[in-house]
Amino acid sequence: MMTNEDQFQLATYKKMPIAAVHGSGVWICASDGESYLDLYGGHAVAGTGHCHPHVVEAIQKQAEKLLFYSNLVYSSARARAAEKLVSIAPHPLTKTFFCNSGTEANENAMRMARMATGREQIITFSGGFHGRTADAISATFLGKYRELGKPNVPGHLEAEFGDIESVRALADNTVAAIMLEPIQSMAGVRMAGPEFYVALRKLCDERGIVLIYDEVQTGVGRTGQWFFAASDAGGGVVPDVVTLAKSLGSGVPVGACLVTDAIASHIKENDLGTTFGGGMLAMAAVTATIEAIEQDRMLENVRRVEAYLRGRLQEVKRVVAVHGLGFLLGIEFKENASIVHKAMLDRKIITGTSSNPKVLRLLPPLCLDEQEADMFVAAAKFPE
Ligand SMILES: Cc1ncc(COP(=O)(O)O)c(C=O)c1O
């Protein structure tokens, strides 16, 4: 299988035995002619589905006009994307900074928090994942990742997810930010009750700490609303900074920080920057991604199909619990999720595992429908 790739690429990824050739919606076609139902959404990136026609057309049109110019010039493509992104963001998130990936968005979010507060320490949580660049990996207390980033950036503190007292104990006047994945995805799709997020907001307000939501996975519609920020599940809390990437460009690499005016007021010319951030091709993809989600009413679809899938999964005896929200679901099985993952792949369904050995992760495109959800349910009934 694609031996050239194995020969010439570092062996850093455990690959499935699939060579993806083309995709449409929730489906991927492989070089052997087989079709796969992609419930992993191309690593949570294909929010609008693979090759959504509106996104493809927007990228094609932009590519013919201008592929790239940096932030040293104005661009209507960039202006449109920034305005569109702010228009779907909860108040008072009013400004964007564009970059290229999730880890970079988190690095910039932490940097802004340090600039805004004049403090250095950052509290993050056991089980959280924030990326692999130096500061982000130092903020990642999931499994072995932090070790991979040694020597770590100093000033990172670990609290227990869902345990406000553990945060309170660390949150003194040296702390610049509390950053969290509001739903911890890789840890097995762990969510806290709304009271936890409300208490975090209150603590940050009392102690002058910046609250950062890493919505690299939960953002851009995945939970059935645009963001976890301001959601009922999150007690209506809006953080000071939201970071985004993954599905923001439907597959064109792009990351972003959404920030309040209060944070923005501390950021001056040349404080942050990146060559490729805000490039025209990525900006066309961002605008078209949001438009496609709106036009196809995908948020409603996520909520409806999530409820349907949860209902149908009650028929599956080996399912112990369904964690998460919208299309970020952790299905807890009686047996090891790697067995289910393999059984699914044998039935041409792509799913994801997590660091919880019992939890299979689903991050499908937001256009997954009931019939496609039924295919997963039928496959999950494979013989003991
Ligand atoms: C919650 C979260 N934050 C940050 C990242 C890092 O994003 P990227 O791989 O684009 O750097 C990821 C990637 O999986 C993620 O899931």
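First listed ligand is number 1; within each ligand, the first listed atom is number 1.
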Colleague: Check whether F382 forms a cation-pi arrangement with R318 (NZ or CZ under 6.0 Å from the six-membered ring centre, at most 45° off the ring normal).
Modeller: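 Satisfied, under 6.0 Å and within 45°.
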Colleague: Quick one: do T174 and D172 satisfy side-chain hydrogen bond (donor to acceptor under 3.5 Å, both in side chains)? Show the steps, please.
Modeller: CA-CA 6 Å; T174 65; D172 63 18; 2.6 Å; yes
Colleague: With a 4.0 Å cut-off on N to O distance, would you call E315 and K381 a salt bridge?
Modeller: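 Here E315 pairs with K381 in a salt bridge, since their nearest N and O are under 4.0 Å apart.
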Colleague: Check this for me: does any side-chain nitrogen of one of E165 and R168 sit under 4.0 Å from a carboxylate oxygen of the other?
Modeller: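 The answer is yes: the pair qualifies as a salt bridge.
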Colleague: As an exercise, identify every atom of ligand 1 less than 4.0 angstrom from a heavy atom of S101.
Modeller: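 So the atoms of ligand 1 that pass are 10 (O), 11 (O).
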Colleague: One residue to check: E181. Relative to ligand 1, which of side chain, backbone, both or neither has a non-hydrogen atom less than 4.0 Å away?
Modeller: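 The part of E181 near ligand 1 is the side chain, not the backbone.
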Colleague: In the protein, what heavy atom is nearest to atom 16 (O) of ligand 1, and what distance, to one decimal place, separates them?
Modeller: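 Answer, as residue, atom name and distance: Q217 NE2, 2.8 Å.
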Colleague: Using ring centroids (six-membered ring only for Trp), state whether F228 and Y197 fall under 6.0 Å.
Modeller: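 Ring-ring flag for Y197/F228: true, centres closer than 6.0 Å.
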Colleague: Could you tell me whether E370 and R304 make a salt bridge, using a distance below 4.0 angstrom between a side-chain N and a carboxylate O?
Modeller: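 Result for this pair is yes, salt bridge flagged.
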Colleague: Backbone or side chain, does any N or O of D214 fall under 3.5 Å from an N or O of ligand 1?
Modeller: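 By distance alone, the answer is yes.
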Colleague: Does a side-chain heavy-atom distance below 4.5 Å link L93 with F227?
Modeller: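 SC-SC contact between L93 and F227 ruled out.
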Colleague: Would you mind checking which non-hydrogen protein atom is closest to atom 10 (O) of ligand 1, with the distance to 0.1 Å?
Modeller: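 Sorting protein heavy atoms by distance from atom 10 (O) of ligand 1 puts G102 N, 2.8 Å first.
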Colleague: Evaluate T103 for polar contact with ligand 1, using N/O atom pairs at a separation under 3.5 Å.
Modeller: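 By distance alone, the answer is yes.
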Colleague: Under 4.0 Å from any heavy atom of F129, which atoms of ligand 1 are there?
Modeller: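 With F129 as reference, the close atoms of ligand 1 come out as 1 (C), 2 (C), 3 (N), 5 (C), 12 (C), 13 (C), 14 (O), 15 (C).
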Colleague: Which is it for N106 and ligand 1 at heavy atoms under 4.0 Å: side chain, backbone, both or neither?
Modeller: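 The answer is the side chain.
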Colleague: What I want to know is whether K246 and ligand 1 share at least one N or O pair that is separated by under 3.5 angstrom.
Modeller: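 Yes, there is a polar N/O contact under 3.5 Å.
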